[in-house]
Amino acid sequence: MKELRSLTAAYVFLKAVELSPEEGHSKYMYLGQIHTGMEAVQYFSKGLEVMLIVLDKQTQEASDMGAAAMPSEPSVTVKDVSVAFCSIAEIFFTDLCMEEGAAGRCKEAIEKALHYDQHNPEALQLMASYLFSVEKSEEGRDYLIKSVSSWLPSLQKKEKSLASSEQPDEEEEPAQTIVPPYESRIMTAKLLIEAEEFEV
């Protein structure tokens with residue numbers, strides 16, 4: 001049943017690509033998630049191409065019209081672009097790790113992710129993983145601490161507020177929007193153990 005749903009979803013997204021290949025990045029992101037290897041990289045790359053065109057257009061419009069005239073929720077953000085580059089980096093770090101030039105392409109994707117969002121905890125953690133893999137442990141530890149520091153304090157503060165029945169500060173970004181996914185936090189724990197950072 002699950003495989004049937006995946007096939008149906010793939011068909012719908014591929015049809016969307018056929019009908020409107022240069023508009024809408026989401027379909028490419030979904031296709032990247034349900035494929036593997038180089039095929040996934042190609043879908044993510046096309047999605048990024050579409051996103052960057054939209055992002056450039058938004059930036060130009062903001063420059064021409066002023067930020068006040070722009071919609072409060074842009075269709076593409078720098079964080080979206082950063083996350084997409086992380087998706088490509090993860091593939092070269094896992095599925096395609098044995099391919100020629102994989103390490104270089106992985107690092108390049110992570111650097112681009114950090115270029116668009118230097119505070120993205122997933123990008124910081126991916127860079128830490130990459131540096132550990134090439135035996136640059138000290139640099140890897142620095143990136144790992146930056147990653148954890150970008151989300152753990154706010155999560156701890158939220159949990160403390162809930163425990164004491166205090167209302168969280170409305171001006172603060174909701175913790176769930178900056179906390180990495182569960183799988184990413186599991187990797188964080190593994191990397192912290194590898195780095196012997198037990199007092200974070």
Side-chain angles (χ1 to χ4, degrees), residues 25 28-52 55 76-160 173-200:
H25 65 277
Y28 291 109
M29 297 297 107
Y30 286 122
L31 285 166
Q33 290 170 10
I34 60 180
H35 287 81
T36 59
M38 193 55 71
E39 201 171 3
V41 171
Q42 289 169 349
Y43 282 122
F44 283 131
S45 297
K46 182 60 181 179
L48 267 165
E49 181 185 318
V50 174
M51 274 196 279
L52 291 172
L55 190 64
V76 175
T77 66
V78 289
K79 184 175 182 180
D80 295 331
V81 174
S82 180
V83 168
F85 275 117
C86 285
S87 297
I88 291 175
E90 285 174 353
I91 295 170
F92 282 111
F93 201 64
T94 53
D95 295 5
L96 299 177
C97 65
M98 301 304 291
E99 295 290 317
E100 186 177 351
R105 293 190 67 177
C106 176
K107 184 183 180 186
E108 180 185 9
I110 299 169
E111 288 173 341
K112 286 181 178 178
L114 289 170
H115 169 75
Y116 283 97
D117 184 359
Q118 61 181 327
H119 302 297
N120 180 350
E122 290 183 75
L124 290 165
Q125 181 169 296
L126 273 170
M127 182 60 86
S129 295
Y130 170 80
L131 291 167
F132 281 128
S133 74
V134 295
E135 299 183 358
K136 293 185 177 180
S137 301
E138 286 303 315
E139 291 178 57
R141 183 180 286 108
D142 290 342
Y143 275 97
L144 181 59
I145 297 304
K146 276 185 195 176
S147 174
V148 175
S149 299
S150 70
W151 60 268
L152 186 59
S154 62
L155 180 63
Q156 291 172 328
K157 185 175 181 181
K158 182 188 176 188
E159 290 177 345
K160 187 176 179 181
E173 186 176 2
Q176 63 265 30
T177 65
I178 60 173
V179 175
Y182 177 76
E183 296 81 4
S184 181
R185 282 177 279 154
I186 292 294
M187 181 55 67
T188 300
K190 291 178 180 177
L191 290 172
L192 287 169
I193 293 169
E194 183 177 340
E196 299 182 355
E197 290 287 345
F198 305 118
E199 302 297 328
V200 175

- request: Measure the spacing between CG of L192 and CG of L144 and express it to the nearest 0.5 Å.
  value: 4.5 Å
task: Test E99 against M38 for side-chain contact (heavy atoms from CB on, under 4.5 Å), laying out the working first.
output: CA-CA 10 Å; E99 295 290 317; M38 193 55 71; 5.7 Å; no
message: Is it the case that the side chain of E122 and the backbone of S184 share a donor-acceptor pair, with hydrogens and angles ignored and the cut-off at 3.5 Å?
response: no
- prompt: At what distance, to the nearest 0.5 angstrom, does SG of C106 lie from CZ of F93?
  reply: 6.0 Å
query: Looking at K112 and E108, does any basic side-chain N land under 4.0 Å from a carboxylate oxygen?
result: yes
query: Between the side chain of D80 and the main-chain N/O of T77, is any donor-acceptor distance below 3.5 Å?
result: yes
query: So, do L52 and Y116 sit near enough that their side-chain heavy atoms are less than 4.5 Å apart?
result: yes
query: Can you check whether M29 reaches H25 side chain to side chain, under 4.5 Å on heavy atoms?
result: yes
- prompt: Do any N or O atoms from the side chain of S82 and from the backbone of K79 form a donor-acceptor pair under 3.5 angstrom?
  reply: no
- prompt: Heavy atoms, side chains only, cut-off 4.5 Å: are M51 and L48 in contact?
  reply: yes
- request: With side-chain contact (heavy atoms from CB on, under 4.5 Å) as the test, would you mind laying out the steps for R185 and W151 before giving the verdict?
  value: CA-CA 11 Å; R185 282 177 279 154; W151 60 268; 3.7 Å; yes
task: Would you name the heavy atoms of A89 and L126 that are closest together and state the gap between them?
output: CB-CD1, 4.2 Å
- line: Correct closest heavy-atom pair for S147 and L124 would be CB-CB, 3.6 Å
statement: When every non-hydrogen atom of V76 is compared with those of L55, the smallest separation belongs to O-CD1, 3.7 Å
field: Test log, rule side-chain contact (heavy atoms from CB on, under 4.5 Å), inputs I110 and C86
entry: CA-CA 6 Å; I110 299 169; C86 285; over 6 Å; no
statement: Rounded to the nearest 0.5 angstrom, the CZ-OG distance for F92 and S87 is 12.5 Å
query: Can you tell me how far OG of S149 sits from NZ of K146, rounded to the nearest 0.5 angstrom?
result: 10.0 Å
task: List the atom of G140, the atom of F132, and the distance in Å for their closest heavy-atom pair.
output: C-CZ, 3.9 Å
- prompt: Do L131 and S137 come close enough that some side-chain heavy atom pair is under 4.5 Å?
  reply: no
task: Give the ring-plane orientation class for Y43 versus H35, where under 30° counts as parallel, over 60° as perpendicular and anything between as tilted.
output: tilted
message: Distance check, rounded to the nearest 0.5 Å: E90 atom CD versus M187 atom CE?
response: 9.0 Å
- request: Hey, could you give me the CD1/OG1 distance between I91 and T94, rounded to the nearest 0.5 Å?
  value: 7.0 Å
- prompt: Counting only heavy atoms not in Y143, do more than 12 fall under 6.0 Å of its OH?
  reply: no
Stepwise side-chain contact (heavy atoms from CB on, under 4.5 Å) check, F44 with Y28: CA-CA 6 Å; F44 283 131; Y28 291 109; over 6 Å; no
